[in-house]
2 protein chains.
Amino acid sequence: MAGTLAVVGEKWSLLVLREAFLGVRRFADFQRQLGAPKAVLTDRLGTLVEQGILRRVPYQAAGERQRHEYRLTTKGLDLYPTLVALMQWGDKYLADDVAPLALEHRDCGSPVHLGLVCDDGHELTSAREVRPVPQAAAVTAS
Amino acid sequence: MAGTLAVVGEKWSLLVLREAFLGVRRFADFQRQLGAPKAVLTDRLGTLVEQGILRRVPYQAAGERQRHEYRLTTKGLDLYPTLVALMQWGDKYLADDVAPLALEHRDCGSPVHLGLVCDDGHELTSAREVRPVPQAAAVTAS
DNA sequence: GGAGGACAGTTCGTTTTACGAACCCAGGAG
DNA sequence: CTCCTGGGTTCGTAAAACGAACTGTCCTCC
């Protein structure tokens with residue numbers, strides 16, 4: 001967890017990723033949506049690319065010179081639950097004036113939410129139902 | 001989401017909460033576990049209390065003077081999925097040398113994981129299966 | 001009753017980081 | 001040839017984080 005935060009815990013990283021999930025790909029659009037200083041944005045996009053969370057893909061729009069855009073990798077897509085978790089908490093407790101975003105299952109149209117589920121199929125409602133069990137490190141030596 | 005990050009997105013906040021979920025309650029213990037500067041810790045604990053994520057509870061251990069400890073509120077407990085999301089991503093991609101923590105359902109003993117589920121009961125495997133639908137703000141007017 | 005020791009902080013000076021504004025460069029459009 | 005846009009870089013300043021030292025209260029031990 002500490003490691004994850006070291007990777008995406010800097011000030012704008014997760015917001016950049018949110019925009020990426022919403023389809024933003026170009027530098028200027030990130031900048032407009034977030035209002036972050038360009039220098040910071042350059043740095044954040046750079047580290048996200050370094051970490052393999054985003055890719056820089058060259059592309060060429062008609063009648064424009066070559067540019068590159070930023071797209072999520074699988075590693076980046078797997079951060080989705082984190083974003084959703086932050087979003088759901090915010091929707092529940094912060095009651096922003098900004099409209100929340102509903103998520104629906106593309107296949108069936110039902111609303112989607114994030115839940116803790118156990119391999120027996122129960123869905124848990126509270127953190128209290130979870131017991132943390134420290135694991136031995138993956139030691140291969142005797 | 002931006003709001004959530006404004007609340008818990010500062011540098012040590014989520015790590016403090018992780019420790020809180022693992023049962024840490026006292027200032028000195030947080031400090032020892034995290035190695036954060038005391039000034040920062042004071043500040044983070046303060047804002048978390050202000051935000052109603054932690055409570056400061058006075059208590060008195062046998063043969064000690066009165067102290068106060070920090071405990072999670074419901075609002076704080078509801079951040080658990082966020083922490084789990086960060087943890088699972090880290091376990092998957094970061095392969096720290098530190099031992100991961102397994103989570104099991106207190107009732108049935110099965111491992112617990114975080115998943116996106118829709119109200120029809122499907123569990124989704126990828127962010128791609130989700131369609132974000134912008135909501136109108138909660139306007140009560142016509 | 002005085003010394004020493006947690007515990008829970010403050011205070012202070014230094015180093016990082018974020019911020020905002022200005023500047024730079026390339027390619028197309030007019 | 002000049003202007004505009006996209007994607008940056010380079011400043012100087014303002015805000016955080018850091019680490020070490022200092023404060024104060026109560027408790028135990030001598």
Side-chain angles (χ1 to χ4, degrees), chain A residues 1-20 22-51 53-72, chain B residues 1-20 22-51 53-72:
Chain A
M1 227 209 76
T4 306
L5 285 175
V7 174
V8 294
E10 285 170 297
K11 205 171 236 171
W12 295 91
S13 308
L14 288 167
L15 292 168
V16 167
L17 290 174
R18 178 192 55 174
E19 296 306 319
L22 295 175
V24 173
R25 299 197 158 79
R26 303 217 307 258
F27 188 94
D29 293 334
F30 282 114
Q31 216 255 306
R32 250 191 300 281
Q33 295 296 315
L34 300 173
K38 298 165 104 189
V40 177
L41 195 51
T42 305
D43 181 75
R44 284 315 106 86
L45 287 168
T47 51
L48 289 173
V49 169
E50 252 177 55
Q51 298 295 329
I53 292 167
L54 297 176
R55 271 175 310 157
R56 253 162 144 248
V57 181
Y59 78 106
Q60 180 128 23
E64 300 223 336
R65 79 165 182 284
Q66 169 161 337
R67 298 266 159 70
H68 43 262
E69 58 183 12
Y70 297 89
R71 310 176 120 267
L72 287 161
Chain B
M1 228 208 74
T4 307
L5 285 175
V7 174
V8 295
E10 286 171 296
K11 205 170 234 169
W12 294 93
S13 308
L14 287 168
L15 292 169
V16 166
L17 289 174
R18 178 192 57 175
E19 297 306 320
L22 294 176
V24 172
R25 294 193 163 76
R26 301 216 309 256
F27 188 94
D29 293 333
F30 282 112
Q31 217 256 306
R32 249 190 301 281
Q33 295 296 314
L34 300 173
K38 299 166 102 187
V40 177
L41 195 53
T42 305
D43 182 75
R44 285 312 104 87
L45 287 168
T47 50
L48 289 173
V49 169
E50 253 176 52
Q51 298 295 330
I53 292 167
L54 296 176
R55 271 176 308 158
R56 255 164 143 244
V57 182
Y59 79 105
Q60 181 127 24
E64 301 224 334
R65 80 165 182 284
Q66 170 161 336
R67 297 264 160 70
H68 42 262
E69 57 183 14
Y70 296 90
R71 311 177 119 266
L72 287 161

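Values in this document were obtained by computation on a predicted structure and should not be read as measured data. Chain letters run A, B, ... following the sequence lines, proteins first and then strands; every chain starts at 1.
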When the distance from [atom1] of [X] to [atom2] of [N] is rounded to whole Å, what number comes out?
{"X": "Y70(A)", "N": "dG6(D)", "atom1": "OH", "atom2": "C1'", "answer": "11 Å"}
{"X": "H68(B)", "N": "dA8(C)", "atom1": "NE2", "atom2": "P", "answer": "7 Å"}
{"X": "L41(A)", "N": "dG7(D)", "atom1": "CG", "atom2": "C1'", "answer": "10 Å"}
{"X": "E69(B)", "N": "dG9(C)", "atom1": "CD", "atom2": "P", "answer": "12 Å"}
{"X": "Q31(B)", "N": "dC7(C)", "atom1": "CD", "atom2": "P", "answer": "11 Å"}
{"X": "R56(B)", "N": "dA8(C)", "atom1": "CZ", "atom2": "P", "answer": "10 Å"}
{"X": "L45(A)", "N": "dG6(D)", "atom1": "CG", "atom2": "P", "answer": "16 Å"}
{"X": "F27(B)", "N": "dC7(C)", "atom1": "CZ", "atom2": "C1'", "answer": "9 Å"}

Picking from dT10(C), dG6(D), dC7(C), which would you name as closest to the side chain of R32(B)?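 When the side chain of R32(B) is considered, dC7(C) is the closest of dT10(C), dG6(D), dC7(C).
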Taking only residues two or more places apart in sequence, or in another chain, which ones meet R67(A) in a salt bridge (Lys or Arg N to Asp or Glu O under 4.0 Å)? E64(A)
Name the nucleic acid region contacted by F30(A), choosing base, sugar-phosphate or nothing; use a 4.0 angstrom heavy-atom cut-off, strictly under. nothing
CZ/R44(A) to CG/L34(A) distance, rounded to the nearest 0.5 angstrom?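 That separation rounds to 11.5 Å.
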Between Y70(A) and V24(A), is any pair of side-chain heavy atoms under 4.5 Å apart? no
Do the non-hydrogen side-chain atoms of H68(B) and F27(B) ever get within less than 4.5 Å of each other?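 Answer no - side chains too far apart.
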Can you give one letter per nucleotide of nucleotides 15-22 of chain C, going 5' to 3': B for a protein heavy atom under 4.0 Å from the base, S for sugar-phosphate only, - for none? ---SSB--
Please check: side-chain N/O of Q31(A) versus main-chain N/O of A36(A), any donor-acceptor pairing under 3.5 Å?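 Indeed, once roles are kept as given, a pair shorter than 3.5 Å links the two residues.
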Would you be so kind as to tabulate the donor-acceptor pairs closer than 3.5 Å made by side chains of residues 12-19 of chain B, with sequence neighbours excluded?
none

